[in-house]
Protein chains: 2
Amino acid sequence: MVKLKDIAEALGVSVGTVSKGLRHSHEISEEVTDRIIRKANELGYIANSSARNLKTNRSYVIGVVYVDKSRAGLGHDYFSTMLSSIRDELSLHGYDFTFVSNTIGENKLSYVNHARYRRCDGVIIVTADFKEPEIIELVESEIPVVTIDHVFNNRSAILSDNDEGLEQIINYVYKKGHRKIAFIHGEDTAVTEQRIASFYKACETLQIEVPKDYIKEALYHFPKQAGLRTRELLQLKERPTCIIYPDDYAFMGGLTEIEKHGLKIPEDISVVGYDGIFLSRILRPILCSYVQNSTEIGKQAVNRLLEQIDKPKSFIRKPVRVKGVLQEGQTVKDIH
Amino acid sequence: MVKLKDIAEALGVSVGTVSKGLRHSHEISEEVTDRIIRKANELGYIANSSARNLKTNRSYVIGVVYVDKSRAGLGHDYFSTMLSSIRDELSLHGYDFTFVSNTIGENKLSYVNHARYRRCDGVIIVTADFKEPEIIELVESEIPVVTIDHVFNNRSAILSDNDEGLEQIINYVYKKGHRKIAFIHGEDTAVTEQRIASFYKACETLQIEVPKDYIKEALYHFPKQAGLRTRELLQLKERPTCIIYPDDYAFMGGLTEIEKHGLKIPEDISVVGYDGIFLSRILRPILCSYVQNSTEIGKQAVNRLLEQIDKPKSFIRKPVRVKGVLQEGQTVKDIH
DNA sequence: TTGTAGGCGTTATCAC
DNA sequence: GTGATAACGCCTACAA
């Protein structure tokens with residue numbers, strides 16, 4: 001690999017001059033700068049990031065924590081879109097990204113220490129168990145951190161607007177005449193809590209009565225469980241006219257069950273998903289779903305993080321909400 | 001950040017000793033090693049990978065090229081599963097991974113140079129335009145490279161068994177009595193070529209006649225186009241009894257079109273997908289599809305690459321085929 | 001068994 | 001405007 005020294009020797013100048021010239025320092029004359037750059041290209045010079053990091057104490061690497069709880073690997077639309085967006089936005093700013101895990105080879109290495117080892121300038125926590133001590137350790141460390149869909153006290157976070165999501169859904173199905181609305185929510189997380197609270201609040205405002213057995217729990221992204229819950233709902237004496245699912249994938253389990261009962265969507269029963277994944281728009285009927293703006297969330301996460309890295313002093317840490325949009329689709333019938 | 005020197009001073013030994021002690025060198029007495037490790041933990045020592053890389057000329061970072069041609073970001077099941085698998089397998093061996101793009105900030109930087117800048121020990125090309133000069137440059141560089149689903153002369157590659165995939169599909173639908181088999185294949189790539197060749201070969205062997213207008217092209221992962229091609233097929237005087245799609249997502253477009261024509265699957269027409277994505281198993285009827293073993297492909301890619309890095313001399317570069325498996329599903333009717 | 005010292009490639013601070 | 005030179009933190013011969 002050709003290095004600064006090679007260019008310096010070829011040109012009969014010093015290494016320091018080459019270093020400055022390559023970075024267009026105004027200390028160096030235009031003519032010399034020009035010769036340096038030309039020679040660098042000629043020799044195919046590429047800087048050594050390790051040496052540079054060592055000296056400058058900046059790696060231009062951002063760590064990403066992505067712990068897959070939802071049994072979907074990177075294949076969960078909401079998160080994979082976000083990751084793409086994070087990657088692209090980082091790249092735009094000259095940063096690379098690397099996954100931060102809590103193992104390295106045989107050895108256990110906490111998230112913080114992994115990030116420290118790679119000298120990450122900052123970390124984005126996309127998914128993780130936010131109650132895990134190691135995650136908390138990372139958040140409270142000296143490394144700038146942005147979390148997604150979870151707020152730590154006095155830290156930056158980007159939030160998909162879960163309150164508004166459910167509110168919009170309820171308002172929409174209400175407008176379509178539904179009063180018997182069942183809600184299958186996901187497993188217990190901060191996000192789920194918000195959605196449930198928001199569900200009840202919206203119902204209260206609209207004076208919708210919610211029987212206890214209209215509220216069910218099923219794992220996110222797990223069609224089978226949602227299917228079982230759907231069956232329970234369909235067997236109720238007072239059947240709901242509309243079912244809200246934890247997410248679009250989970251809905252697929254409900255779909256099967258609904259068809260088993262010989263019911264048609266939306267003629268016999270209305271359904272609503274969450275996420276607005278690619279699939280939801282491909283399906284017929286198009287699924288009514290709240291589309292989270294995961295691209296924007298990723299972008300915001302990057303920009304907030306870089307801001308924090310660049311001006312650690314003046315940076316104000318606060319949660320940012322990113323709104324989604326209701327995709328009305330064709331699965332909610334007007335039953336007026 | 002605490003460094004070797006800090007430990008050395010705290011213990012009254014030399015930096016060299018600490019360095020060796022931490023790596024359990026047999027040069028160092030057990031007692032001193034013990035004290036060193038204890039002190040290191042006490043002080044929370046974490047090595048600086050940049051300094052280490054600089055010295056050892058090994059980064060333990062693998063670059064991944066993932067250029068999204070299929071308009072799906074990381075959201076394409078086949079690839080996202082593979083990426084998860086690559087990440088996990090690398091982590092198992094003490095490697096991290098970073099995406100290698102051909103831009104960095106404002107500036108254009110070729111893939112090779114990006115990988116060189118980060119001193120990647122090797123690169124896995126997951127998706128890319130393999131005809132692009134920059135990709136070829138990367139493959140022909142000094143950096144160990146493994147490609148997926150594309151073979152460069154005398155380089156390592158991992159291949160999903162596209163030949164066998166189509167052969168198995170054809171044999172299966174033949175067994176079910178189908179003779180009028182239409183094939184909507186993807187856009188022109190090496191993979192597509194293989195599949196087409198394999199399709200014709202299997203048909204020939206079974207003496208199935210393939211009318212020209214039974215063969216159509218539609219972009220991968222693009223339901224709308226597959227839908228249009230499906231319509232054309234359904235309007236033929238001599239309608240096929242079975243349609244093979246480029247992939248499971250593309251099939252979704254076909255599904256809509258088939259339903260528009262008032263046809264039912266599989267009663268009125270049989271269909272086959274490709275990939276065996278999560279969704280294909282959730283759908284009812286379960287989609288007949290060839291399930292590519294993307295987890296295994298990712299794993300193989302990592303292991304082949306690491307082998308090549310560790311023993312560059314003795315390593316034999318050759319393509320590795322990874323078999324998939326036919327998911328029979330419920331969308332191919334027995335029409336005997 | 002432990003210590004010393006040079007150097008990996010870069011940047012930055014001084015002199016000149 | 002340019003050139004020495006000293007770090008950055010680590011590893012590794014080689015010396016003690």
Side-chain angles (χ1 to χ4, degrees), chain A residues 1-37 39-40 43-61 94 104 113 115-121 142, chain B residues 1-37 39-40 43-61 94 104 109 113-121 142:
Chain A
M1 291 260 72
V2 18
K3 51 195 166 182
L4 293 184
K5 202 178 160 204
D6 300 324
I7 301 174
E9 282 172 0
L11 251 37
V13 298
S14 80
V15 177
T17 305
V18 176
S19 171
K20 289 171 194 158
L22 283 177
R23 277 166 310 123
H24 296 92
S25 162
H26 283 295
E27 288 181 43
I28 307 297
S29 74
E30 228 174 272
E31 191 250 325
V32 175
T33 301
D34 218 63
R35 280 172 54 216
I36 290 175
I37 290 177
K39 187 53 100 181
L43 299 180
Y45 169 78
I46 295 296
N48 181 331
S49 62
S50 292
R52 183 175 285 168
N53 299 348
L54 183 58
K55 185 65 192 172
T56 60
N57 215 20
R58 281 285 245 115
S59 64
Y60 287 89
V61 168
I104 185 92
N113 287 340
R116 284 184 183 138
Y117 176 61
R118 291 294 179 190
R119 287 301 186 272
C120 297
D121 292 336
E142 77 286 358
Chain B
M1 292 260 71
V2 18
K3 51 195 166 184
L4 292 184
K5 202 178 160 204
D6 299 322
I7 301 175
E9 282 171 0
L11 252 36
V13 299
S14 81
V15 177
T17 306
V18 176
S19 172
K20 288 172 194 161
L22 282 177
R23 277 166 309 120
H24 296 91
S25 162
H26 283 294
E27 289 180 38
I28 307 296
S29 73
E30 229 174 88
E31 191 250 326
V32 175
T33 302
D34 218 61
R35 281 172 54 217
I36 290 175
I37 290 177
K39 185 54 96 180
L43 299 180
Y45 170 77
I46 294 296
N48 182 329
S49 63
S50 292
R52 182 176 285 169
N53 299 348
L54 184 57
K55 183 67 194 173
T56 60
N57 215 17
R58 280 287 244 117
S59 65
Y60 287 90
V61 169
I104 184 93
L109 189 68
N113 287 339
H114 191 161
R116 284 182 183 140
Y117 175 61
R118 290 294 179 190
R119 289 301 188 269
C120 296
D121 292 336
E142 76 286 358

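In the text below, chain A, chain B and the rest are named by the order of the sequence lines, each starting its count at 1.
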Under 4.0 angstrom, heavy atoms only, what part of the nucleic acid is [X] near: base, sugar-phosphate, or nothing?
X        : answer
Leu4(A)  : base
Gly21(B) : nothing
Val15(B) : nothing

Between [atom2] on [N] and [atom1] on [X], what's the gap in Å once rounded to a whole number?
X        : N       : atom1 : atom2 : answer
Met1(A)  : dT10(C) : CE    : C1'   : 15 Å
Asn53(B) : dC8(C)  : CG    : P     : 16 Å
Arg52(A) : dC8(D)  : CZ    : P     : 19 Å
Arg23(B) : dT2(C)  : CZ    : C1'   : 15 Å
Lys5(B)  : dC10(D) : NZ    : C1'   : 13 Å
Leu54(A) : dA7(D)  : CG    : C1'   : 9 Å
Ile28(A) : dT11(C) : CD1   : P     : 13 Å
Arg35(B) : dT1(C)  : CZ    : C1'   : 13 Å

Candidate nucleotides dT2(C), dT10(C), dC11(D), ranked by approach to the side chain of Val32(B) - the nearest:
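Of the options given, the side chain of Val32(B) lies nearest dT2(C).
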
Report yes if a side-chain nitrogen or oxygen of [X] is closer than 4.0 Å to either non-bridging phosphate oxygen (OP1 or OP2) of [N]; otherwise report no.
X         : N       : result
Thr56(B)  : dC11(D) : no
Tyr117(B) : dG9(C)  : no
Ser29(B)  : dT1(C)  : no
Thr17(A)  : dT2(D)  : no

Quiz question: going by heavy-atom distance under 3.5 Å, is there a donor-acceptor pair between the base of dA7(D) and the side chain of Lys55(A)?
yes

What is the distance from atom CG of Leu4(B) to atom CD1 of Ile36(B), rounded to the nearest 0.5 Å?
9.5 Å

To the nearest 0.5 Å, what is the distance between NZ (Lys3(A)) and CD (Glu9(A))?
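If I round to the nearest 0.5 Å, the distance is 8.5 Å.
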
side-chain contact (heavy atoms from CB on, under 4.5 Å) test vs Thr33(B) passes for just one of Thr17(B), Leu22(B), Ile28(B), Val18(B), namely Ile28(B)

Does any non-hydrogen side-chain atom of Asn48(B) lie less than 4.5 Å from one of Met1(B)?
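A side-chain contact is absent here, since even the closest heavy-atom pair is not under 4.5 Å.
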
Nearest-nucleotide 5' precedence on DNA chain D, Ala51(B) against Lys20(B)
Ala51(B)

So which atom in Tyr60(B) and which in Arg118(A) form the shortest heavy-atom distance, rounded to 0.1 Å?
O-NH2, 2.8 Å

